[in-house]
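Notes for the one structure printed next.
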Amino acid sequence: MNNEKVDIRKFSRDDLRTYFTNNGHQAFRGNQVYEWLWKKGAHSFDAMTNLSKDTRTFLDDHFVINHIQVDHMQRSKDGTIKNAVKLHDGLTVESVMIPTPTRTTACVSSQVGCSLNCEFCATARLKRMRNLNPDEIYDQVVAIDAQSRAYHSRPLSNIVFMGMGEPLMNYKNVLASIDKITGDDGLGMSPKRITLSTSGVPKMMKKLADDRPKFNLALSLHSAIDEKRVKIMPFNDQFPLDDIKEALKYWYEKTGTRVTYEYVVWKGINDTQEDVDALIKFCKIIPCKVNIIEYNSIDDARFEQASPKAIDLYQSQLEKNRVVVNVRRSRGKDIDAACGQLANKS
Ligand code: SAH
């Protein structure tokens, strides 16, 4: 190894064991280090107190832990916390802690910026700089777990991949992070409490289905009519709804689990009976649930939250057709921490 230090979290448990034995140490030291890294989220070798000072110095001479730094924290009136997360190369992403009376949800980022171009989303205005590494996603979770313990005296209960980026365009790293978050030799959280949200990348949805994940899938739908969806989510011309439908069927065949459709209703965009009918039809493809989410303003005159009457229309007609529907209120709006507002403003 040359004098360039290596990111230790790129190595598997076996790699670490081998590394130790090759360097005249006992293999179980590799297990100890692995535990410090992935079970306890250690930020430094110095924290690894069951290793001798010499071993810690040895590690420090050869490796780095590219830990994130929560650079800045904003707390909303409703208790939501937005973190500006600084990465080892100086780039920044955001993550959000969302508390309710019974649970704490972490909303984590998967990419720096985003390559998709949803017209209504603030993150889309940032260029995609790079994918996050598994450890950088894991670190966001550990940091929010600590915040939940500090502010609410309870551990983190849920995780949503609904921060910056398109998780299915950083497939390998996102799945590796979930392994560390759910694994027995990681944080041991239940995958049932994790939701990955995608804008709808059919090929990757199928790949995910093949990998039989144990976590939940959400699709940001917003319109079940191609000509309308392409106007608000221009990449829909490459990934039209027919392909998404096929991917959803494939998902359900392989996993047997329903998908949540996220849906914002905007004035003059998707607030007519025709839009509701199209959504109801779309909901017949596979078992699903619809979350109607509030529009969070990003200062774009084209977009305005639809009237309560339009939302009621969606809700009542979906219910009439026996589709499970939730109307969600946004959290953390006063600090630009709500869905689609993450844009590294601070
Ligand atoms: N790229 C993935 C992950 C981001 S999740 C995806 O699109 O699913 C962010 C969620 O917030 C998505 O459902 C997105 O459509 C929604 N969203 C984006 N901008 C929003 C806004 N201004 N108001 C409300 N929701 C928004």
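One-based numbering, in listed order, for ligands and for the atoms of each. Below, each value reflects all heavy atoms present in this structure, side chains not excepted, and no hydrogens, waters or symmetry copies. Please read these numbers as outputs of a predicted model, since none were measured by experiment.
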Kindly confirm or rule out a cation-pi arrangement of Lys206 over Tyr250, judged by NZ or CZ under 6.0 Å from the six-membered ring centre and within 45° of its axis?
yes

His222 neighbourhood, listing ligand 1 atoms whose heavy-atom distance to it stays under 4.0 Å
14 (C), 15 (O)

I'd like to check whether Gly163 has a polar contact with ligand 1, where a contact means an N/O of the residue lying under 3.5 Å from an N/O of the ligand.
no

Numbered in order shown, the ligand 1 atoms found under 4.0 Å of a heavy atom of Cys121 are 18 (C), 19 (N)

Is there a salt bridge (charged side-chain N to carboxylate O under 4.0 Å, His left out) between Arg125 and Asp300? Walk through the geometry before answering.
CA-CA 12 Å; Arg125 300 186 178 172; Asp300 185 323; 3.1 Å; yes

Which of parallel (below 30°), tilted (30 to 60°) and perpendicular (above 60°) describes Phe20 and Phe58?
tilted

Of all protein heavy atoms, the one nearest atom 7 (O) of ligand 1 is Ser199 OG, 2.8 Å

Polar atom proximity, Leu116 to ligand 1 (N or O, under 3.5 Å)
no

Ligand 1 contacted by Gln341 (non-hydrogen, < 4.0 Å):
no

Could you label the plane-to-plane angle of the Phe11 and Phe63 rings as parallel, tilted or perpendicular, counting under 30° as parallel and over 60° as perpendicular?
perpendicular

Which heavy atom of the protein is the closest neighbour of atom 10 (C) of ligand 1, given with residue, atom name and distance?
Glu262 OE2, 4.0 Å

Considering residues, nucleotides and ligands other than Lys40, do more than 12 of their heavy atoms fall under 6.0 Å from its NZ?
yes

Taking only heavy atoms of Gly165 into account, list the atoms of ligand 1 that are under 4.0 Å away from them.
1 (N), 2 (C), 3 (C), 4 (C)

Could you tell me whether Tyr295 and ligand 1 have an N or O pair separated by under 3.5 Å?
no

Does atom CG of Asp184 have more than 12 heavy-atom neighbours, drawn from other residues, nucleotides or ligands, at distances under 6.0 Å?
no

Among protein heavy atoms, which sits nearest to atom 23 (N) of ligand 1, and what does the distance come to when rounded to 0.1 Å?
Asn296 N, 3.0 Å

Among all protein heavy atoms, pick the one closest to atom 5 (S) of ligand 1 and tell me residue, atom and distance.
Met162 CA, 3.4 Å

Decide if atom CZ of Arg103 counts as having more than 12 heavy atoms of other residues, nucleotides or ligands within a radius under 6.0 Å.
no

Please work out which of Cys118, Ser330, Gly340 has its closest non-hydrogen atom nearest to atom 20 (C) of ligand 1.
Gly340

Ring-plane angle category for Tyr295 and Trp266, please: parallel below 30°, perpendicular beyond 60°, tilted otherwise.
perpendicular

Run through Val323, Ile280, Asn270, Val290 and flag the one making a side chain to side chain contact (heavy atoms under 4.5 Å, CB included) with Tyr314.
Asn270

Which heavy atom of the protein is the closest neighbour of atom 12 (C) of ligand 1, given with residue, atom name and distance?
Ser220 OG, 3.1 Å

Heavy atoms only: which of Cys339, Ser110, Cys114 lies closest to atom 11 (O) of ligand 1?
Cys339

